[in-house]
Amino acid sequence: MILRGLFPSRTVAIYMARLFLVRTFAILFALVLVLQALDLLSESGDILAVPGNGQAQVWTYVSLRTPQIIARFLPFSVLLGTILTFITMNQNSEIIALKASGLSAHQVLAPLMVASLGVAGVSFAFNERVVARATATLTQWQRVNYGPMPIDRGDRSNVWVRDGDDLVQVGQIRGKMNAAVLGDITLYDRAGGSLRAILRAQHGRHDPAGGWRIWPVTRFDVASGKVTRIASMRVGHDVRSDQLTLSTIDPDGLTFGALRTAIEDLSDAGRPTKALEGALWHKLSGPLSSVLMPLLGAVAAFGIARSGKLFVRAVIGMALGFAYFVADNFALAMGNLGAYPPFLAAWAPFLLFLLIGEAVLVRTEE
């Protein structure tokens with residue numbers, strides 16, 4: 001009964017949803033094509049500067065970067081697709097015909113809201129299955145300056161920790177907590193701020209007796225210049241496993257479930273998690289922003305086209321949409337700084353502009 005009230009005409013609902021989806025994904029395709037080309041112009045030089053890299057590596061970069069662009073600009077495309085759909089229908093007097101048949105502004109808007117809910121679901125699934133993996137791999141690749149591709153997408157690279165006066169750098173870490181496997185370890189042995197020795201090892205694991213067992217070790221003594229080779233030794237007695245395995249979490253490179261698990265591990269280790277909790281909530285509120293765009297762009301649907309104010313209404317709709325994205329980024333930044341609680345940082349802009357869009361719609365049409 002409720003669905004029949006929202007969609008009095010099944011034919012009209014399907015017609016409007018089809019117009020909206022075709023325009024949305026056409027705009028998204030054009031945006032991705034242009035933005036990927038511009039991004040490739042700035043990055044291709046760095047990729048090809050690495051010996052051995054060629055056309056295959058350039059296409060690899062495109063395959064990893066394109067999902068990020070799609071995820072970021074899908075809500076923009078929904079906004080522009082909404083405005084373009086309503087402008088076209090307004091100019092063809094289709095909105096006037098729908099209003100004359102007794103449909104309210106909310107009933108006119110309902111097919112686009114339902115279609116955008118489907119877009120939000122597709123966006124969430126795409127982020128989980130494609131974007132997170134692509135982001136993790138691309139981040140690893142960029143950390144090695146587009147050199148040989150990292151083997152494991154779950155690796156952490158270039159992690160620095162402090163052990164008293166000593167500094168420890170680990171080139172690559174695989175695994176979690178005490179099961180972590182270290183590779184390319186460098187320890188800077190310092191005393192009183194002066195460097196005494198540099199120790200390098202290819203492999204390392206957690207030692208049950210405490211600290212980390214590394215092997216084979218090459219020790220360079222700064223004072224004498226003497227190089228000593230040691231089969232294995234224990235270092236990093238005060239370095240906890242969570243300092244190595246949980247110190248470089250990139251929320252964009254993790255799925256919702258993986259990020260939630262990482263937050264639980266950090267919390268158990270007594271580490272701050274507020275910024276990551278905000279990113280976790282935003283993995284839900286981000287895709288749902290597509291549902292908000294038809295409401296913000298609906299101002300372009302109503303009003304007489306020949307009055308000359310249709311363009312102004314379209315600009316107002318775009319301004320509302322872009323204002324939402326500015327507010328969303330600002331709230332996330334405040335959440336990362338600890339000024340906003342995580343839930344508020346992720347959901348406040350969505351709820352605020354939901355009320356603003358509804359108020360504008362009711363004020364102008366209802």
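Source: prediction; values computed, not measured.
Applying the salt bridge (charged side-chain N to carboxylate O under 4.0 Å, His left out) rule to Asp39 yields the partners Arg65; only residues at least two apart in sequence or on another chain are considered. Remark: Arg213 engages Asp207 in a salt bridge (charged side-chain N to carboxylate O under 4.0 Å, His left out) (not counting sequence neighbours).
Panel note: side chain Thr88, backbone Leu84; a donor-acceptor pair is recorded below 3.5 Å. Judged by distance alone, the side chain of Lys283 and the main-chain N or O of Pro251 form a donor-acceptor pair under 3.5 Å. In terms of modelled atom types and a separation under 3.5 Å, the side chain of Ser93 and the main chain of Ile96 share no donor-acceptor contact. Formation of a donor-acceptor pair under 3.5 Å by the Asn145 side chain with backbone atoms of Gly147 is not found in this model. In terms of modelled atom types and a separation under 3.5 Å, the side chain of Asp328 and the main chain of Tyr324 share no donor-acceptor contact. Between the side chain of Arg313 and the main chain of Val299, a donor-acceptor pair closer than 3.5 Å is present. Without hydrogens or angle criteria, Thr66 side chain to Ser63 main chain gives no donor-acceptor distance under 3.5 Å. Not a single donor-acceptor pair under 3.5 Å links the side chain of Thr273 to the backbone N or O of Leu276.
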Determine, stepwise, if the pair Glu43 / Asp46 fulfils side chain to side chain contact (heavy atoms under 4.5 Å, CB included). CA-CA 5 Å; Glu43 294 292 329; Asp46 294 334; 4.0 Å; yes

Before giving the answer on side chain to side chain contact (heavy atoms under 4.5 Å, CB included), spell out for Leu288 and Leu292 the whole-Å C-alpha distance, their side-chain angles and the decisive distance to 0.1 Å. CA-CA 7 Å; Leu288 275 178; Leu292 194 61; over 6 Å; no

Val58 and Tyr61: side chain to side chain contact (heavy atoms under 4.5 Å, CB included), yes or no, with the steps? CA-CA 5 Å; Val58 172; Tyr61 175 81; 5.7 Å; no

Could you go through the side chain to side chain contact (heavy atoms under 4.5 Å, CB included) check for Leu112 and Met16 one step at a time? CA-CA 7 Å; Leu112 271 66; Met16 292 183 64; 3.8 Å; yes

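Residue Arg190 qualifies as enclosed at atom CZ: its count of foreign heavy atoms under 6.0 Å is above 12. In Trp281, the CH2 atom is not crowded: 12 or fewer heavy atoms of neighbouring residues, nucleotides or ligands sit closer than 6.0 Å. No more than 12 heavy atoms of other residues, nucleotides or ligands shown are found within 6.0 angstrom of CZ on Phe330. Taking a 6.0 Å sphere around CZ of Phe343, one finds it holds more than 12 heavy atoms contributed by other residues, nucleotides or ligands. Around CZ of Arg10, the count of heavy atoms belonging to other residues, nucleotides or ligands within 6.0 Å does not exceed 12.
Pairing each heavy atom of Gly81 with each of Thr24, the nearest pair is CA-OG1, 3.8 Å. The two residues Tyr340 and Ala331 come nearest to each other via the heavy atoms CD1-O, 3.8 Å. Closest heavy-atom contact between His282 and Pro287: O-CD, 4.0 Å. Closest approach of Leu79 and Gly321 over heavy atoms only: CD2-CA, 3.6 Å. Between Leu259 and Ala279 the shortest heavy-atom distance is CD2-C, 4.2 Å. Taking each heavy atom of Ser290 and Val119 in turn, the nearest pair found is OG-CG1, 4.2 Å.
Atom CD1 of Ile47 is separated from atom CH2 of Trp141 by 5.0 Å, given to the nearest 0.5 angstrom. With values rounded to the nearest 0.5 angstrom, Leu320 atom CG is found 7.0 Å from Phe353 atom CZ. Note that the CZ atom of Arg133 and the OG1 atom of Thr135 stand 12.0 Å from one another [nearest 0.5 Å]. From Trp215, atom CH2 reaches atom CG of Leu182 across 8.5 Å, with rounding to the nearest 0.5 Å. From Thr82, atom OG1 reaches atom CE of Met318 across 12.0 Å, with rounding to the nearest 0.5 Å. Between Tyr146 atom OH and Gln57 atom CD the span is 12.5 Å, to the nearest 0.5 Å.
Between Phe20 and Phe86, the distance separating the two ring centers is not shorter than 6.0 angstrom.
The pair Arg196-Asp189 meets the salt-bridge criterion, with a side-chain N (NZ, NE, NH1 or NH2) lying under 4.0 Å from an Asp/Glu carboxylate O.
Residue Val217 is tested with Val235, Ile230, Leu187 for a side-chain contact (heavy atoms from CB on, under 4.5 Å); the sole match is Ile230. For the side-chain contact (heavy atoms from CB on, under 4.5 Å) with Val291, the lone residue among Val78, Leu117, Val114 that qualifies is Leu117.
In this structure the side chain of Thr228 never reaches within 4.5 angstrom of the side chain of Asp221, judged on heavy atoms. Looking at Trp59 and Val62, their side chains come closer than 4.5 Å, going by heavy atoms from C-beta outward. Leu109 is listed as a side-chain neighbour of Pro294, based on a closest heavy-atom distance under 4.5 Å. Between Leu355 and Glu358, every side-chain heavy-atom pair lies at or beyond the 4.5 Å cut-off. Inter-residue side-chain proximity for Leu80 and Met293 is flagged as unmet; no heavy-atom pair is nearer than 4.5 Å. A heavy-atom distance below 4.5 Å is found between the side chains of Leu284 and Phe124.
In this pair, Phe350 and Trp347 present their aromatic rings perpendicular. The plane angle is above 60°, beyond the 30 to 60° band. By the 30° and 60° cut-offs, the orientation of the rings of Trp212 relative to His206 is perpendicular.
By the criterion of side-chain heavy atoms lying less than 4.5 angstrom apart, applied directly or through intervening Ile, Leu, Val, Met, Phe, Trp or Tyr residues, Tyr188 is grouped together with Val227 in one hydrophobic cluster. Under the 4.5 Å side-chain heavy-atom criterion for ILVMFWY residues, no single connected hydrophobic cluster contains both Leu344 and Leu354. Note: the hydrophobic cluster containing Val315 also contains Ile95 (ILVMFWY, side chain heavy atoms under 4.5 Å, direct or indirect links). In terms of hydrophobic clustering, with Ile, Leu, Val, Met, Phe, Trp and Tyr side chains grouped at heavy-atom distances under 4.5 Å, Val108 and Tyr15 are assigned to a common cluster. By the criterion of side-chain heavy atoms lying less than 4.5 angstrom apart, applied directly or through intervening Ile, Leu, Val, Met, Phe, Trp or Tyr residues, Phe25 is not grouped with Leu33; the two fall into different hydrophobic clusters.
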